[in-house]
Amino acid sequence: MPAETFEFQVEARQLLQMMIHSIYSNKDVFLRELISNSSDALDKLRLETLRDETLQADTSDLHIAIEVDKEERTLTVRDNGIGMSHDEVVQLIGTIANSGTAKFLRELKEAKDSAASEELIGQFGVGFYSSFMVADEVTLLTRRAGETTGTRWQSSGEGTYTVESVDDAPQGTSVTLRLKPEDTEDKLFDYTSPWKIREIVKRYSDFITWPIRMEAPAAGEDGAEPGTETVNSMKALWARSKDSVTDEEYSELYKHISHDWTDPLETIRMQAEGTFEYQALLFLPSHAPQDLFMQGHKRGVQLYVKRVFIMDDCEALMPTYLRFVKGVVDAQDLSLNVSREILQQDRQIELMRRRLVKKVLSTVKDMMSASPENYLTFWKEFGRVLKEGLLQDFENRDAILEVCSFASTQDEEGLTTLRSYVERMKEGQEQIYYMTGESRAAMESSPHMEAFRAKGLEVLLLTDPVDEVWVQSVPEFDGKQLQSIAKGEVDLDTDEEKKEVEAEREKQQQEYAGLLTWMSEQLGEYVKEVRLSSRLTVSPACIVSDTHDVTPALENMYRAMGQEVPQIKRILELNPSHALISGLRRAHAEGGGEGDAAGELAETAELVHGLALLSDGGELSDPARFSRLMADRLERTL
């Protein structure tokens with residue numbers, strides 16, 4: 001078949017141009033990316049031959065080869081792994097299939113310095129495209145194991161690429177780079193130099209479990225013997241003693257596993273001995289991937305058995321709320337032919353999972369005191385995800401609560417833990433008070449906050465969508481009940497204060513009994529009850545949910561997800577000290593609820609309810625009518 005010419009999608013073309021113009025200062029990493037891709041291809045082939053005994057593939061000498069041609073100035077990275085079909089080449093190499101591409105490019109252009117650019121590239125994960133930092137032209141030749149026809153992909157990284165079928169391609173994939181001229185000022189080195197290649201492999205890919213081979217230099221050159229040499233040690237870092245591994249080596253393993261270009265925030269080592277032996281090397285990333293909340297996001301823990309790669313995203317080892325954790329778990333007593341279905345029911349895997357989860361959570365807790373800056377970075381990036389565990393993992397709920405942080409009225413900028421909140425609680429206070437909402441500003445100006453501000457009581461301000469859900473199922477922390485300030489009755493007075501105001505409250509209850517009964521009838525379509533409030537000091541009225549009612553925000557979330565939620569009537573609380581409410585009481589007592597004045601008084605009650613609804617962030621059932629009534633009242637005041 002003749003070669004077909006395709007155009008890069010717009011985002012891919014823009015990204016390639018940025019690569020070509022060297023936005024990344026450390027260009028050596030292109031080789032790490034290509035070797036990492038080759039290693040993945042070898043892992044996939046070995047797994048495929050285990051699953052499919054009929055697959056016609058040569059697995060006798062799986063390896064990665066690096067070849068250089070000084071005269072032609074080319075460098076080739078070759079593997080005899082799984083390879084790609086024609087369609088896979090077009091889908092995987094010709095386009096950048098990521099919904100965040102446009103956002104990534106915009107942020108990349110706005111990045112002020114090289115470090116910011118590098119971090120953004122790491123978040124996106126460009127892999128293969130990094131070749132264009134060092135090459136004027138890239139040629140990819142591949143044949144999928146079990147197929148007879150191969151595919152050649154070629155591009156200079158400008159606007160187009162060509163794809164053609166070839167008959168004589170070996171199994172696996174080779175990527176050949178026609179290198180740019182050396183430019184040491186721009187940190188573009190001579191990548192045909194054997195010593196430079198050895199240096200890069202040692203630094204970034206020494207732990208790769210497949211042999212990386214290259215031709216040794218001629219006798220005497222670089223002090224090496226001629227012939228083929230293996231340039232990586234292939235030693236698994238998790239199997240080596242902690243003292244023999246550097247932080248840089250851990251970082252490179254993390255980058256290989258995660259396809260990230262930035263260092264991990266924290267490294268976690270585990271070794272279990274006894275009846276069931278395994279080793280684990282886990283990493284907490286320093287930033288969240290763009291697809292963290294997308295359906296189909298892969299969990300990052302790889303499963304090995306006796307140092308043999310088994311599975312890339314072993315879901316049985318890590319719960320969904322820890323899906324950001326990357327790493328390796330190497331078990332000694334599992335079958336090499338283990339399947340995902342078997343893992344889901346394996347008792348030993350369940351035991352490993354429980355220990356891994358506890359270790360991750362204890363590491364985060366240690367980070368809070370030992371490295372507060374790292375903890376704040378972690379919480380900013382992954383706090384929302386971690387809180388999902390409060391709904392999923394009852395066994396570790398207390399441990400998760402211990403490492404959660406929240407905004408609070410106690411501090412305008414910082415965060416607080418539940419433990420710190422409990423330690424600051426006023427004498428006699430039995431509840432941990434909180435409020436959920438879309439923003440801190442909206443909650444701080446809410447009528448529900450008035451009495452708590454007047455009493456100097458701290459309130460947690462929960463703004464994440466998941467907060468609306470987990471607070472419904474977590475009753476208490478450290479023996480202190482979690483209490484929404486927008487739900488149920490609020491009684492903040494001490495016993496002495498109650499005695500002082502008891503007579504006054506009884507008097508108010510008698511005076512307002514008629515108005516409360518009348519308004520409950522007038523607004524019966526919208527509210528469950530109208531009652532006097534003890535939480536208001538400034539506002540005339542507020543909307544309150546019953547203790548076990550679903551909050552309005554949660555109600556809206558369910559509807560947005562397509563779930564039917566019955567309309568829930570809420571409670572309207574009135575502030576008897578407010579002039580509007582006391583005036584309404586007088587008008588009703590003087591006969592306003594009868595005759596011609598009844599209509600006007602009913603409209604006033606409707607306006608009071610509407611104002612309370614708006615101040616709570618709710619939606620009016622008839623905004624046009626509310627505006628008309630308000631305009632009419634304002635006109636009469638002029």
Side-chain angles (χ1 to χ4, degrees), residues 265-266 268 282 284 286 288 319 321-322 324-325 354-437 440 443-444 448-449 452-453 455-488 490 492 494:
L265 195 65
E266 195 75 28
I268 306 170
L282 305 178
L284 302 182
S286 56
Y321 73 91
L322 294 178
F324 52 84
V325 175
R354 291 171 69 181
R355 289 179 178 172
L356 291 171
V357 169
K358 288 183 185 300
K359 183 65 174 177
V360 170
L361 294 175
S362 67
T363 299
V364 175
K365 186 175 181 180
D366 292 342
M367 202 192 304
M368 294 173 81
S369 54
S371 184
E373 287 187 10
N374 280 1
Y375 167 76
L376 288 175
T377 299
F378 168 84
W379 187 254
K380 176 188 170 190
E381 297 292 328
F382 303 109
R384 273 178 65 191
V385 190
L386 194 67
K387 284 187 284 189
E388 292 175 12
L390 295 171
L391 297 163
Q392 302 168 6
D393 189 351
F394 299 108
E395 180 183 349
N396 292 299
R397 178 179 279 175
D398 289 344
I400 297 170
L401 285 172
E402 286 281 5
V403 299
C404 287
S405 288
F406 310 98
S408 160
T409 54
Q410 188 262 344
D411 190 328
E412 292 184 5
E413 296 181 358
L415 300 176
T416 187
T417 62
L418 290 174
R419 179 67 56 198
S420 297
Y421 180 103
V422 170
E423 289 171 358
R424 287 192 299 269
M425 283 171 61
K426 289 181 175 292
E427 188 178 346
Q429 182 181 340
E430 292 300 324
Q431 285 88 19
I432 297 173
Y433 296 112
Y434 71 86
M435 185 175 183
T436 58
R440 177 178 186 131
M443 286 187 280
E444 286 187 326
H448 296 294
M449 199 69 74
F452 292 86
R453 188 179 293 113
K455 294 276 186 182
L457 290 169
E458 182 177 355
V459 179
L460 299 177
L461 306 172
L462 312 182
T463 55
D464 288 334
V466 69
D467 293 331
E468 293 283 354
V469 187
W470 73 258
V471 292
Q472 308 287 328
S473 59
V474 178
E476 54 90 31
F477 171 79
D478 195 27
K480 304 294 183 182
Q481 184 183 3
L482 271 71
Q483 172 68 50
S484 169
I485 67 168
K487 277 188 167 189
V490 167
L492 304 179
T494 63

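Computation of the quantities below employed the complete heavy-atom set of this structure, encompassing side-chain atoms and omitting hydrogens, waters and symmetry-equivalent molecules. Start at 1 with the first residue, then count along the sequence.
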Go through the steps for D398 and E402 under the test side chain to side chain contact (heavy atoms under 4.5 Å, CB included), then give the verdict. CA-CA 6 Å; D398 289 344; E402 286 281 5; 5.6 Å; no
Residues K358, E395; criterion side chain to side chain contact (heavy atoms under 4.5 Å, CB included); working and verdict: CA-CA 10 Å; K358 288 183 185 300; E395 180 183 349; 3.6 Å; yes
Start with the C-alpha gap between V364 and L284, add the side-chain angles, then the distance that decides, and say whether side chain to side chain contact (heavy atoms under 4.5 Å, CB included) holds. CA-CA 9 Å; V364 175; L284 302 182; 4.1 Å; yes
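Screening residues 361-370 for side chain to side chain donor-acceptor pair (under 3.5 Å) gives no qualifying pairs among residues at least two apart or on separate chains.
Without hydrogens or angle criteria, R419 side chain to V403 main chain gives no donor-acceptor distance under 3.5 Å. Of the possible polar contacts, none joining the Y375 side chain to the A370 backbone as a donor-acceptor pair under 3.5 Å is found. With hydrogens and angles disregarded, no donor-acceptor distance shorter than 3.5 Å links the side chain of Y321 to the backbone of L391.
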Check residues 460-467 and write down every donor-acceptor pair under 3.5 Å in which the side-chain atom is one partner and the other belongs to a residue at least two apart or another chain.
from: D464; atom 1: OD2; to: K387; atom 2: NZ; distance (Å): 2.8
from: D467; atom 1: OD1; to: K387; atom 2: NZ; distance (Å): 2.9
from: D467; atom 1: OD1; to: W470; atom 2: NE1; distance (Å): 2.7
from: D467; atom 1: OD2; to: K387; atom 2: NZ; distance (Å): 3.3
from: D467; atom 1: OD2; to: T463; atom 2: N; distance (Å): 3.4
from: D467; atom 1: OD2; to: D464; atom 2: N; distance (Å): 3.0

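For the atom pair Y421 OH and F406 CZ, the distance stands at 12.0 Å (nearest 0.5 Å). Atom NE2 of H448 sits about 7.5 Å away from atom OG of S484, to the nearest 0.5 Å. Summarising the geometry, atom CD belonging to E430 is positioned 12.0 Å from atom CD belonging to E476; distances are rounded to the nearest 0.5 Å. Considering CD of E381 and CG of L386, their distance stands at 13.5 Å, rounded to 0.5 Å. Here L356 contributes atom CG and I268 contributes atom CD1; the two are 9.0 Å apart, rounded to the nearest 0.5 Å. Once rounded to the nearest 0.5 Å, the distance linking OG1 of T436 with CD of E468 reads 3.5 Å.
The shortest distance between side-chain heavy atoms of P319 and V357 falls below 4.5 Å. Counting heavy atoms from C-beta on, the side chains of E458 and T416 come closer than 4.5 Å. Side-chain contact between L390 and V471: absent, with no pair of heavy atoms (C-beta onward) separated by less than 4.5 Å.
Within 6.0 Å of atom CZ in R424, more than 12 heavy atoms from other residues, nucleotides or ligands are found, so the atom counts as buried in its surroundings. Other residues, nucleotides and ligands contribute at most 12 non-hydrogen atoms within 6.0 Å of the NZ atom of K380.
T409 pairs by the side chain to side chain donor-acceptor pair (under 3.5 Å) definition with nothing, not counting sequence neighbours. F382 is linked by a ring-ring contact (aromatic ring centres under 6.0 Å, His included) to F324, F378, counting only residues two or more places apart in sequence or in another chain. In this view, E266 satisfies the side chain to side chain donor-acceptor pair (under 3.5 Å) rule with no residue, not counting sequence neighbours. The side chain to side chain donor-acceptor pair (under 3.5 Å) test applied to K359 returns no partner, not counting sequence neighbours.
Residues A407 and L415 approach most closely at N-CD2, 3.6 Å, considering heavy atoms. Nearest approach of N374 to L265, heavy atoms of both residues: O-CD2, 3.3 Å. Across Q483 and K487, no two heavy atoms sit closer than the pair NE2-O, 3.4 Å. Nearest heavy atoms, P475 versus R397: CD-NH1, 4.1 Å. T377 and S286 make their closest contact through CG2-O, 3.7 Å (heavy atoms, listed as atom of the first residue, atom of the second, distance).
If you run side-chain contact (heavy atoms from CB on, under 4.5 Å) between L457 and each of Q429, Q431, M449, only Q429 comes through.
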